[in-house]
**Q** 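My questions all concern the structure below.
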Amino acid sequence: MGRACGWTHNLCATMYPSRSHEDSKMIEVRTRFAPSPTGYLHIGGVRTALFNWLFARHHGGRFILRIDDTDRRRNVQEALAPILHGFRWLGLDWDEGPEVEGPAGPYFQSAKLERYNRAVQQLLAAGLAYRDFATPDELQMERDAARARGERFVYSRRWLAGDEDAAARLAAEGRAGVVRLNMPRTGECRFTDLVRGPMVVEWAGEQDHVIQRADGTCLYHLASTVDDHDMRISHVIRAEEHLSNTPRQIFIAQGLGYDLPHYAHLPAVAEPGSRTKLSKRKLQKYLKNPEFARLNHRGQVIAGAMGLATTDETFNPVIVDFYERTGFLPDALVNYLLLLGWALDDHTEFFSREQMVASFSLERVNKAPASFDPVKLMAFQSHYMQSLSVSQRADLAAPFLEGAGLLAKNPTSADKTRLEQVVAAAGERLVVAGDILDYREFFVPDDDLAYDAKAFDKRLRNAPGAVDRLARFAAGLPGAREWDASALEKFLKEFVAVEEIKIGSIIHALRVALTGKGVGFGLYDAMVILGKESCLARVERAMDEARREMP
RNA sequence: GUCCCCAUCGUCUAGUCUGGCCUAGGACACCGCCCUUUCAAGGCGGCAACACGGGUUCAAAUCCCGUUGGGGACACCA
């Protein structure tokens with residue numbers, strides 16, 4: 001193990017991407033993202049994947065997807081599908097990995113157990129790892145004792161088996177043997193992080209990490225290091241939580257005779273309004289943040305209307321699927337995520353894919369955690385949504401109406417026209433495509449219109465004279481010759497003049513009668529969309545309803 | 001507890017390496033006012049930050065030291 005002491009890894013400064021254009025042409029840039037098949041894609045993970053993808057694309061390299069399934073072997077295919085789907089939805093294409101394969105496969109760790117085992121044997125043979133028979137309890141006692149002394153834990157190596165005889169003897173006691181790294185206890189590990197700069201860590205602070213379990217399966221650090229080498233990963237770009245894992249991986253890599261990749265550790269994506277890493281397990285806490293809760297609620301309402309069976313665990317704003325099902329634009333989400341920990345300059349906010357690929361560099365990645373801000377995400381979404389034409393937005397909205405049973409699978413051209421009218425009238429109020437469900441009143445039969453109880457009471461039932469005014473207005477309505485917004489405005493204003501009333505004393509009642517709601521887009525637009533017949537029917541029905549329960 | 005990392009408006013950030021152009025710029029949010037049939041949108045205006053303390057220097061957001069605060073890691077998880 002003496003070999004390991006004081007090993008240094010010096011990357012020359014010219015390896016920084018912006019200064020290394022020539023270098024990058026010589027070495028093929030290969031980055032990777034290695035999700036566990038958990039069944040969903042975490043928003044923080046996507047940000048990491050995005051930076052890997054951008055770095056590879058910027059340098060004309062390759063982006064690789066590898067599946068870290070050493071631990072759970074069940075239903076990998078099933079749990080993988082939503083992840084691959086998420087990547088495709090976001091437009092993050094991978095050059096090698098599941099379904100596309102490639103020259104450096106297999107891309108599933110579960111398929112490489114033999115390969116890892118050979119690496120373990122190599123480390124064992126080189127004296128860089130050892131067989132160990134300590135029980136978890138014994139180890140824990142040593143850990144506790146070190147902590148009580150306020151010192152860092154250093155394993156006593158008491159149950160280390162130096163040879164086969166010792167191993168047999170310890171095994172005879174009923175102990176299970178694992179393989180541990182024989183970490184150096186003097187000297188320091190040096191490496192350059194492309195985000196953080198030069199790093200120096202004392203080897204003595206490192207543990208004798210387990211790399212292989214008693215059952216022969218291997219652990220993350222070993223598998224990951226071997227894979228990065230096998231897949232010729234040039235730049236390991238990952239979350240900051242891995243920064244302190246780096247020395248042990250360097251130890252493994254060097255022990256195996258590998259050239260080291262470059263490392264870049266990205267700042268964490270943090271909770272809304274906090275610097276704590278965003279986690280999938282703390283949803284209840286995030287829901288106490290009003291903005292996060294509002295975003296979540298919006299999604300839940302849309303999913304509910306679509307008849308999706310969702311739970312907090314499977315459907316929330318920490319999971320990428322949430323955004324697709326709510327009707328977000330992938331470009332908006334990606335653009336927002338890009339700016340979480342990276343900025344080009346002091347003013348550029350919006351990037352096309354081409355622009356972000358062209359301008360991305362690790363040099364401009366920040367070091368401090370960036371908190372996830374649902375409000376700013378919505379602002380990006382709104383911007384991207386407004387950049388689309390009415391018919392594009394209508395196309396995005398249609399599936400939501402279909403899913404809620406408000407629009408036929410094959411809509412008639414009249415249906416389509418109505419949808420476009422509603423989308424146009426809604427304008428910037430339609431932020432995510434699922435928001436179309438806020439305007440369901442334009443897609444339900446007149447008799448099925450639901451009334452907002454509060455608005456109905458305020459504007460019709462309890463507003464003195466409202467019903468009578470509505471009746472007189474409706475009586476004149478069939479005489480309206482032109483049925484467009486400006487004609488209707490003139491018509492209503494004439495009515496107001498004749499009646500000698502303020503416009504507010506009829507228009508609110510009319511809105512509730514026609515749409516069931518106290519708020520909405522322009523009333524004349526609403527009338528045009530509904531048509532004369534519907535308007536009359538709805539006013540009649542509202543008056544009946546108001547009179548029926550009047551004292 | 002130990003080790004490592006980090007620190008500019010409420011949030012995302014520019015500026016820090018290469019000290020002066022910074023009475024600190026932009027965006028989102030927020031607060032007024034205007035417009036207005038509601039809700040939005042729009043127009044105009046506004047509030048708001050260099051964590052703290054020492055140095056170095058003619059000059060510090062920028063360099064150095066310390067403090068505080070925050071985060072991450074200390075698994076037979078990944």
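So you know, we letter chains A, B, ... as the sequences are listed, proteins then strands, and number each from 1.
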**Q** Applying side chain to side chain contact (heavy atoms under 4.5 Å, CB included), name anything that partners Ala487(A), two or more places apart in sequence or on another chain.
**A**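 Side chain to side chain contact (heavy atoms under 4.5 Å, CB included) check on Ala487(A) returns Glu482(A), Asp484(A).
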
**Q** Please report the distance separating the P of C74(B) from the corresponding atom of U13(B), rounded so that it comes out in whole Å.
**A**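 Going atom to atom, P in each nucleotide, I get 25 Å.
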
**Q** Please report the distance, rounded to the nearest Å, between CD in Glu206(A) and C1' in G72(B).
**A**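 These atoms are roughly 14 Å apart.
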
**Q** So Ala145(A), base contact, sugar-phosphate only, or nothing? Heavy-atom distance under 4.0 Å.
**A**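 Nothing: the residue Ala145(A), judged by heavy atoms under 4.0 Å, touches no strand.
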
**Q** Please enumerate all protein N or O atoms sitting under 3.5 Å from an N or O of nucleotides 43-49 of chain B, with distances to 0.1 Å.
**A**
none

**Q** With the side chain of Asp346(A) defined as its heavy atoms from C-beta on, choose the nearest nucleotide among A14(B), C12(B), C76(B).
**A**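 Closest nucleotide among those given: A14(B).
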
**Q** Ring centres of Phe442(A) and Phe521(A) under 6.0 Å apart?
**A**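 Close enough - the centres of the two rings lie under 6.0 Å apart.
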
**Q** For this output row, return yes or no: ring centroids of Phe51(A) and Trp342(A) closer than 6.0 angstrom.
**A**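 They do not qualify: ring centres at least 6.0 Å apart.
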
**Q** Distance only, no hydrogens: is a donor on one side chain within 3.5 Å (strictly under) of an acceptor on the other, for Thr217(A) and Arg213(A)?
**A**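 There is such a pair (donor and acceptor under 3.5 Å, judged by atom type) between the side chains of Thr217(A) and Arg213(A).
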
**Q** Nearest whole Å is fine: how far is G26(B) P from His347(A) NE2?
**A**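 After rounding, the reported distance stands at 12 Å.
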
**Q** Could you check whether Glu349(A) gets within reach of a base, just the sugar-phosphate, or nothing at all, counting any heavy atom under 4.0 Å?
**A**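 Answer is base: heavy atoms of Glu349(A) come under 4.0 Å of a base.
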
**Q** With heavy atoms under 4.0 Å as the rule, sort Lys517(A) into base, sugar-phosphate or nothing.
**A**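 If one applies the 4.0 Å heavy-atom cut-off, Lys517(A) turns out to touch nothing in the nucleic acid.
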
**Q** Restricting both atoms to N or O, compile the protein contacts to nucleotides 1-3 of chain B shorter than 3.5 Å, with distance only.
**A**
residue : atom : partner   : partner atom : Å
G1(B)   : N7   : Arg147(A) : NH2          : 3.0
G1(B)   : O6   : Arg147(A) : NH2          : 3.4
G1(B)   : N1   : Arg147(A) : NH2          : 3.4

**Q** Look at the side chain of Ser36(A) and decide which nucleotide, out of U13(B), A78(B), A73(B), has an atom nearest to it.
**A**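 My answer, after comparing the listed nucleotides, is A78(B).
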
**Q** For the residue pair Arg175(A) and Phe133(A), would you count it as a cation-pi contact if the rule is NZ or CZ under 6.0 angstrom from the ring centre and within 45 degrees of the ring axis?
**A**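 Because its charged atom misses either the 6.0 Å distance or the 45° angle limit, Arg175(A) does not stack over Phe133(A).
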
**Q** Please verify the inter-ring angle class for Tyr130(A) with Tyr155(A); under 30° counts as parallel, over 60° as perpendicular, anything in between as tilted.
**A**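 Tyr130(A) and Tyr155(A): parallel rings.
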
**Q** Could you tell me how far apart Asp208(A) (CG) and C74(B) (P) are, to the nearest whole angstrom?
**A**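 Checked: the CG to P distance equals 15 Å.
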
**Q** What's His265(A) touching, base or sugar-phosphate or nothing? Going by heavy atoms closer than 4.0 Å.
**A**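 The residue His265(A) makes no contact with any strand.
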
**Q** Do Asp69(A) and Ser36(A) come close enough that some side-chain heavy atom pair is under 4.5 Å?
**A**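 Side-chain contact under 4.5 Å: no.
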
**Q** Rounding to the closest angstrom, what is the interatomic distance between A40(B) and C21(B) at atom P?
**A**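 Going atom to atom, P in each nucleotide, I get 42 Å.
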
**Q** Please state the C1' separation for the pair G26(B) and A14(B) - nearest whole angstrom.
**A**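 Going atom to atom, C1' in each nucleotide, I get 7 Å.
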
**Q** With rounding to the closest Å, how many angstrom separate the C1' atoms on C63(B) and U57(B)?
**A**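 So the two C1' atoms sit 10 Å from each other.
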
**Q** Is the NZ atom of Lys285(A) crowded by more than 12 outside heavy atoms at less than 6.0 Å?
**A**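 More than 12 within 6.0 Å, yes.
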
**Q** How close or far is atom P of C6(B) from atom CD of Glu241(A), stated in whole angstroms?
**A**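 Going from Glu241(A) (CD) to C6(B) (P), I get 17 Å.
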
**Q** Checking Asn335(A) side chain against Glu349(A) main chain: does a donor-acceptor pair fall under 3.5 Å?
**A**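 Yes.
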
**Q** Between G71(B), A14(B), C77(B), spot the one nearest the side chain of Thr276(A), thanks.
**A**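 Of all the options, the side chain of Thr276(A) is nearest to G71(B).
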
**Q** Looking only at atom P, what distance separates U18(B) and A78(B), rounded to whole Å?
**A**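 Between the two P atoms, the distance is 42 Å.
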
**Q** Decide whether Thr276(A) and Ser274(A) meet the rule of one side-chain donor and one side-chain acceptor closer than 3.5 Å.
**A**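 Their side chains do contain a donor-acceptor pair, which is all the 3.5 Å distance test asks for.
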
**Q** Measure CD/Glu142(A) against C1'/A75(B) and give the value in whole Å, please.
**A**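 Roughly 15 Å, once rounded to whole Å.
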
**Q** Within the structure shown, what part of the strands sits under 4.0 Å from His242(A) by heavy-atom distance: base, sugar-phosphate, or nothing?
**A**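 Base contact.
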
**Q** Taking the same atom, P, in A61(B) and in A24(B), what whole-Å distance lies between them?
**A**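 Roughly 11 Å separates the two P atoms.
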
**Q** Nearest whole angstrom, please: distance from the P of G72(B) to the CG of Leu243(A).
**A**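 Nearest whole value for this atom pair: 13 Å.
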
**Q** What is the nucleic acid contact for Asn366(A), judged by heavy atoms within less than 4.0 Å: base, sugar-phosphate only, or nothing?
**A**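 Counting heavy atoms under 4.0 Å across all strands, the contact made by Asn366(A) is with sugar-phosphate only.
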
**Q** To the nearest angstrom, how far is Asp137(A) atom CG from C76(B) atom C1'?
**A**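 It is 13 Å, rounded to the nearest whole Å.
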
**Q** For C12(B) versus A29(B), give the span between their P atoms, rounded off to a whole number of Å.
**A**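 Nearest-Å result for C12(B) against A29(B) at atom P: 15 Å.
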
**Q** Could you work out, with side chain to side chain contact (heavy atoms under 4.5 Å, CB included) as the rule, every residue matching Lys490(A), not counting sequence neighbours?
**A**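 With sequence neighbours excluded, Lys490(A) shows a side chain to side chain contact (heavy atoms under 4.5 Å, CB included) to Glu494(A), given in chain and number order.
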
**Q** When every nucleotide of nucleotides 36-42 of chain B is labelled 5' to 3' by its protein contacts under 4.0 Å (heavy atoms), B for base, S for sugar-phosphate only, - for none, what sequence of letters results?
**A** -BBBBS-

**Q** What side chain to side chain donor-acceptor pair (under 3.5 Å) pairs are there with at least one residue in residues 498-507 of chain A, not counting sequence neighbours?
**A**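 Qualifying pairs: Arg472(A)-Glu499(A).
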
**Q** Tell me whether the centres of the aromatic rings in Tyr220(A) and His242(A) are closer together than 6.0 Å.
**A**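 Yes.
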
**Q** Hey, can you pull the residues of residues 371-380 of chain A with a non-hydrogen atom under 4.0 angstrom from RNA chain B?
**A**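 Only Ser371(A), Asp373(A), Val375(A), Lys376(A), Ala379(A) qualify.
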
**Q** Per the side chain to side chain donor-acceptor pair (under 3.5 Å) rule, what does the pair list look like for residues 517-527 of chain A, sequence neighbours excluded?
**A**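 Sorted pair list: Glu441(A)-Lys517(A).
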
**Q** Using a heavy-atom cut-off of 4.0 Å across all strands, would you classify Arg238(A) as base, sugar-phosphate, or nothing?
**A**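 Touches nothing.
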
**Q** C33(B) pairs with which nucleotide, Watson-Crick or G-U wobble, both distances below 3.5 Å?
**A**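 G43(B) - that is the nucleotide pairing with C33(B), both distances being under 3.5 Å.
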
**Q** According to side chain to side chain contact (heavy atoms under 4.5 Å, CB included), who are the partners of Phe473(A), at least two apart in sequence or on a separate chain?
**A**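 Per chain and number, Phe473(A) pairs via side chain to side chain contact (heavy atoms under 4.5 Å, CB included) with Leu477(A), Phe491(A), Leu492(A), Phe495(A), Ile506(A), Leu510(A), Met527(A).
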
**Q** Using the salt bridge (Lys or Arg N to Asp or Glu O under 4.0 Å) definition, which of the options Asp68(A), Asp228(A), Asp227(A) pairs with Arg32(A)?
**A**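 Single salt bridge (Lys or Arg N to Asp or Glu O under 4.0 Å) partner of Arg32(A) among Asp68(A), Asp228(A), Asp227(A): Asp228(A).
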
**Q** What interatomic distance, in whole Å, is found between C1' of C50(B) and the corresponding atom of C39(B)?
**A**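 Per the computed distance, 40 Å lies between those C1' atoms.
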
**Q** Parallel, tilted or perpendicular, judged at 30° and 60°: which one describes the rings of Phe191(A) and His265(A)?
**A**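 The rings of Phe191(A) and His265(A) stand perpendicular, inter-plane angle above 60°.
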
**Q** In residues 39-51 of chain A, what residues come within less than 4.0 Å of RNA chain B, judged by heavy atoms?
**A**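 Those residues: none at all.
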
**Q** A78(B) P sits how many Å from Arg248(A) CZ, rounded?
**A**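 In whole Å, A78(B) P lies 12 Å from Arg248(A) CZ.
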
**Q** Determine whether the side chains of Thr246(A) and Arg238(A) contain a donor N or O and an acceptor N or O closer than 3.5 Å.
**A**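 Yes, Arg238(A) and Thr246(A) have a side-chain donor paired with an acceptor closer than 3.5 Å.
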
**Q** With a 4.5 Å cut-off on side-chain heavy atoms, are Trp483(A) and Cys535(A) touching?
**A**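 Result yes, sub-4.5 Å side-chain heavy-atom pair found.
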
**Q** Within the sub-3.5 Å range, which N or O atoms of nucleotides 19-22 of chain B have a protein N or O partner, and how far apart are they?
**A**
none

**Q** Check the side chains of Gln249(A) and Ser224(A) for a donor-acceptor pair under 3.5 angstrom, ignoring hydrogens and angles.
**A**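 No, Gln249(A) and Ser224(A) have no side-chain donor paired with an acceptor closer than 3.5 Å.
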
**Q** For Asn117(A), check side chain to side chain contact (heavy atoms under 4.5 Å, CB included) against everything at least two apart and list the hits.
**A**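 Scan of Asn117(A) (side chain to side chain contact (heavy atoms under 4.5 Å, CB included), adjacent residues dropped) gives Glu114(A), Gln121(A), Gln212(A).
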
